Undergrad: 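Before anything else, here's the structure in question.
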Amino acid sequence: MHDLNPQQKEALTYIDSPLLVFAGAGSGKTKVIAHKFCYLHKAKKFSSDSILTVTFTNKAADEMKVRIHQCLEKDLNGAWIGTFHSQCNRILRREIKALGYNNNFSIYDEDDQCNLVRHILKEFKIYEALYKGIVSRISYLKSSLIGPEEFLATGDGFGFDEKLAKVYVRYQDELIRSNALDFDDLIVLTVKLFQSNPKLLEKYQDKFTYLLVDEFQDTNYAQYYLLKLLAAARERICVVGDDDQSIYKFRGANVNNILNFERDFPEAKLIKLEQNYRSTQHILNVSGSVISHNLKRKQKRLWTDKGQGDKVHFCWLNTHNDEAKYIAKVIKEYYLKGIYNYRDFAVFYRVNIQARVIEDALRDEGLPYRIHGGISFYQRKEIKDLVAYMRLSINYGDNVSFRRIINNPPRGIGAAVLTRIENEAKKKSLALFDALKSILRGDSLANTVKEKLADFIKMIERFSSVKYKSAADMLKNILDKSGYAESLAEERIKNVEELLLSAEGKETKDFLDKASLLTNMDDACATDCISLMTLHNAKGLEFHVVFIVGLEEGILPYCKAMNHEEEIAEERRLFYVGMTRAKDVLWLTGASRRKLYAKIQHQEPSRFLKDIPKECCQWMEKITNGHTIKLPSVKKSIKPHEVFCLYTAGCRVKHPSWGIGVVRDCYGDGEDQKVMVNFSNFGIKRLAIRFANLEKI
DNA sequence: AAAACTCCTCTTTTT
DNA sequence: GAGGAGTTTT
């Protein structure tokens, strides 16, 4: 408690009515939530499994668990700390039978959704390339709690999209037949469950004596509705967020949830956290002045006691190549001064395509870098294929998985046979897997084909009947018997090995949930690297020196988000999020000419630059050939190189009795240096390095 | 089933 | 300009 400021303290102890905390960038939001959990538990005697703590990302959930564990020093096994989706999954696995689903349901991610929608479009003879838009519109409807029936009911209105309605109805039907839930269903069906079973709702209202919600500005309608249902009885709810950092509107997030909270909970108390512990005053002035041009927002004034710091640097270059080279040179200059490690630098861009030139430039200068984001681990083809084998073995109804693996690896079951199976399934309303069995009983197929099909069925049935020691066991069995491993290239086998490692010692069903809900395995990079990422990926992070590139009309704001004032506002927030990641130094760059999709375009400076107060900004000269860049003198508020620690977050270690674990945090120095390690079977432990007998692996 | 060819798209992406 | 997906050819 002692190291909290007065507003943070109030946010922590206030429980008399619903609480809305506006937590500005860098204002210690996670800290407040974690401490509030501990306060509720210790001082107010709320049991640790009665506080529903909701985050948006798995990473944030993990971080929250670590923090809470740090201050409670007790097992959090039964605690409800997790993402919206994982919490709903946990509830639904227990209760979904009340909705007529089986609790071994599969969870479909976006890729599965796309596969299914494309399949439906093909069948309906609708132009298949529309699938992406349809998937996102269906998702939007679901997250607004508009089911297929409700959508159909709106059907007589002008401009009603009949095709969409038809596909939506069919899509939801297919999910039900496959005993599968997509991500949105996890939320929607939990809402449905509670709406149709007041007793169950009451049970969970009783169970959760307090609700703690992180990143509230990112909730969609369905998620907020769910919170309101759960909070209705007691109104013991605390939501924390920042409307200025809402950057996921395109995913259904609704800023109005945070802006209207006080209307929905008239008793709500409002607290603003405005002290920023991250950035210098110049950075706050610049970012604050940019964001203040958004109209629909809560007024707030971030301040810091870190001092003025460096002015924000700005440089306009001729081409995107010059921009990249310039940044590489600047980073090198800073690095050579010995103040920063590589990991203290980050380059943010609006679209992934911009990373290419920057990569090249960094490589030319011999600077180590790492790109964050991109295709996540569990989205990889080979991983999804193996997961599909597991899913079908556990849930025979899973048609999407069936289609994925029936002829993968190729086993001579072609399109013609598949069509027969589809027809049979439709005729007798069976799952594809059962339809296949039904066909085999007849004698309409050649014996050679029948044999192959029978082999496939036998294989899946064997996969599902074996009692496995762990998910890794099951995967090994699948790899062994399916012939899948042989068809893989070297690089992909490495990923499979990694999957096996992460499946070690896990219950198969738990592992499948994880594989479905954990979409990116963010391996905290143990090596010292410059970070490259999109502005979206930058949210929640901080770096000493930040570069935001491509400050041009058409890039930031992006050309496809310039049609409505709302879109511009979101682009501005995106810029704001990027700027507020910087602790000491912020660089903004742009270029007059840029090659995009093989076309050279002439670029104008971003409109957002006009909103920057001149006195906070230092305009840099363009790079002149051969001359090194004169950097402004770095202020001494900057700390020297961090204390060297052998164990950095993300590296794997082995403990004599607890086995293998992943380092979460390393703190203290010299003899007292301690690490926090998450062991796969024993959870999180804190260890003093000099006693623990750890081995780095 | 693999190889060759054509066509299409190209924003961000917590789960 | 490149990568992915679907189609046609061998």
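Here the structure is a predicted model, which means the values were calculated and not measured. Every chain is numbered from 1, with letters handed out A, B, ... down the list of sequences.
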Undergrad: Does A:Glu542 come within less than 4.0 Å of A:Arg278, counting only side-chain N to carboxylate O?
TA: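 Answer for the salt bridge query: yes.
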Undergrad: Reading DNA chain B 5' to 3', how would its secondary structure be written in dot-bracket notation, given Watson-Crick and G-U pairs with both distances under 3.5 Å, brackets [ ] for crossing pairs and | for partners on other strands?
TA: ||||||||||.....
Undergrad: Atom NE2 of A:His119 to atom P of C:dA5: distance rounded to whole Å?
TA: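 Rounded to the whole Å, the gap is 17 Å.
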Undergrad: Do A:Asn294 and A:Arg572 get their side chains close enough for a donor-acceptor pair, meaning under 3.5 Å?
TA: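 Note: A:Asn294 and A:Arg572 side chains meet the donor-acceptor criterion.
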Undergrad: Measure NE2/A:His536 against P/B:dT14 and give the value in whole Å, please.
TA: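 After rounding, the reported distance stands at 10 Å.
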Undergrad: Rounded to whole Å, how long is the line connecting atom NZ of A:Lys59 with atom P of B:dT14?
TA: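 Atom NZ in A:Lys59 sits about 11 Å away from atom P in B:dT14.
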Undergrad: Considering only side-chain heavy atoms of A:Ala129, which listed nucleotide, B:dT12, B:dA2, B:dT9, is closest?
TA: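 Selected nucleotide: B:dT9.
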Undergrad: With the side chain of A:Tyr597 defined as its heavy atoms from C-beta on, choose the nearest nucleotide among B:dT13, B:dC10, C:dG6.
TA: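 Output: B:dC10.
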Undergrad: What contact category does A:Tyr127 fall into here, base, sugar-phosphate, or nothing, at under 4.0 angstrom with non-hydrogen atoms?
TA: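 Sugar-phosphate only.
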Undergrad: Taking NZ from A:Lys122 and P from C:dT7, how many angstroms apart are they, rounded to a whole number?
TA: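 Atom NZ in A:Lys122 sits about 7 Å away from atom P in C:dT7.
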Undergrad: State, with a plain yes or no, whether a side-chain heavy atom of A:Arg593 is found less than 4.5 Å away from one of A:His602.
TA: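 The answer is yes, as the side chains (C-beta and beyond) meet within the 4.5 Å cut-off.
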Undergrad: Of A:Lys560 and A:Gly412, whose closest DNA chain B nucleotide lies nearer the 5' terminus?
TA: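 First, find each residue's nearest nucleotide; the 5'-ward one identifies A:Gly412.
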Undergrad: What nucleotide, of B:dT11, B:dT13, C:dG1, holds the atom closest to the side chain of A:Ala598?
TA: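 Of the options given, the side chain of A:Ala598 lies nearest C:dG1.
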Undergrad: Assess whether ring-ring contact (aromatic ring centres under 6.0 Å, His included) is satisfied between A:Phe216 and A:Tyr224, documenting all intermediate values.
TA: CA-CA 9 Å; A:Phe216 185 63; A:Tyr224 186 30; 5.3 Å; yes
Undergrad: With a 4.0 Å cut-off on heavy atoms, is A:Asn352 in touch with a base, just the backbone sugar-phosphate, or nothing at all?
TA: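 Sugar-phosphate only.
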Undergrad: Would you say the side chains of A:Glu382 and A:Asn495 form a donor-acceptor pair under 3.5 Å?
TA: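 A pair is found: one side chain offers a donor N or O, the other an acceptor, under 3.5 Å apart.
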Undergrad: Between C:dG3 and B:dT12, how many Å separate the two P atoms, rounded to a whole number?
TA: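 Pairwise P distance, C:dG3 against B:dT12, rounds to 16 Å.
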Undergrad: Which is more 5' along DNA chain B, the nucleotide nearest A:Gly414 or the one nearest A:Lys249? Just name the residue.
TA: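 Nearer the 5' end of the strand: A:Gly414.
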Undergrad: A:Lys539 has an atom NZ; how far is it from atom C1' of B:dT11, in whole Å?
TA: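 Between C1' of B:dT11 and NZ of A:Lys539: 17 Å.
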Undergrad: Whole Å only: how far is the CD1 atom of A:Ile371 from the P atom of B:dT13?
TA: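 Result: 12 Å.
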Undergrad: Give me the atom names and distance for the closest heavy-atom approach of A:Ser287 to A:Thr580.
TA: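 Nearest heavy atoms, A:Ser287 then A:Thr580: OG-CG2, 3.7 Å.
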Undergrad: Of all the choices, B:dA1, B:dT13, B:dT9, which nucleotide is nearest to the side chain of A:Asn407 once you look at every atom?
TA: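 The listed nucleotide nearest to A:Asn407's side chain is B:dA1.
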Undergrad: Between B:dT14, B:dT12, B:dT11, spot the one nearest the side chain of A:Thr534, thanks.
TA: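 From the listed options, B:dT12 comes nearest.
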Undergrad: Go through B:dT14, C:dG6, B:dT12 for me and flag the one nearest to the A:Glu128 side chain.
TA: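 That would be C:dG6.
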Undergrad: Using whole Å, what does the distance between atom P of nucleotide C:dG3 and atom CZ of A:Arg380 come to?
TA: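 Those two atoms, CZ and P, are 16 Å apart.
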Undergrad: Using 4.0 Å as the upper bound for N to carboxylate O, is an ion pair formed by A:Asp62 and A:Lys59?
TA: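 Looking at A:Asp62 together with A:Lys59, the answer is no, because their closest N to O distance does not fall below 4.0 Å.
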Undergrad: For A:Ile247 and B:dT11, what is the distance between atoms CD1 and P respectively, to the nearest whole Å?
TA: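 Going from CD1 in A:Ile247 over to P in B:dT11 covers 17 Å.
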Undergrad: Across the strands shown, which category fits A:Glu110 at heavy-atom distances under 4.0 angstrom: base, sugar-phosphate, nothing?
TA: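 Here A:Glu110 touches the bases of the nucleic acid.
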Undergrad: At less than 4.0 Å, is any side-chain N or O atom of A:Arg118 found next to OP1 or OP2 of C:dG6? Yes or no.
TA: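 Result: yes.
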Undergrad: Give a yes-or-no answer on whether the side chains of A:Ser178 and A:Asp398 include a donor-acceptor pair shorter than 3.5 Å.
TA: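 Looking only at side-chain atoms, A:Asp398 and A:Ser178 do not form any donor-acceptor pair under 3.5 Å.
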Undergrad: For the base of B:dT12 and the side-chain ring of A:Tyr558, does the geometry meet a stacking cutoff of under 5.5 Å between centres and under 30° between planes?
TA: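 According to the criterion (under 5.5 Å, under 30°), no, A:Tyr558 does not stack.
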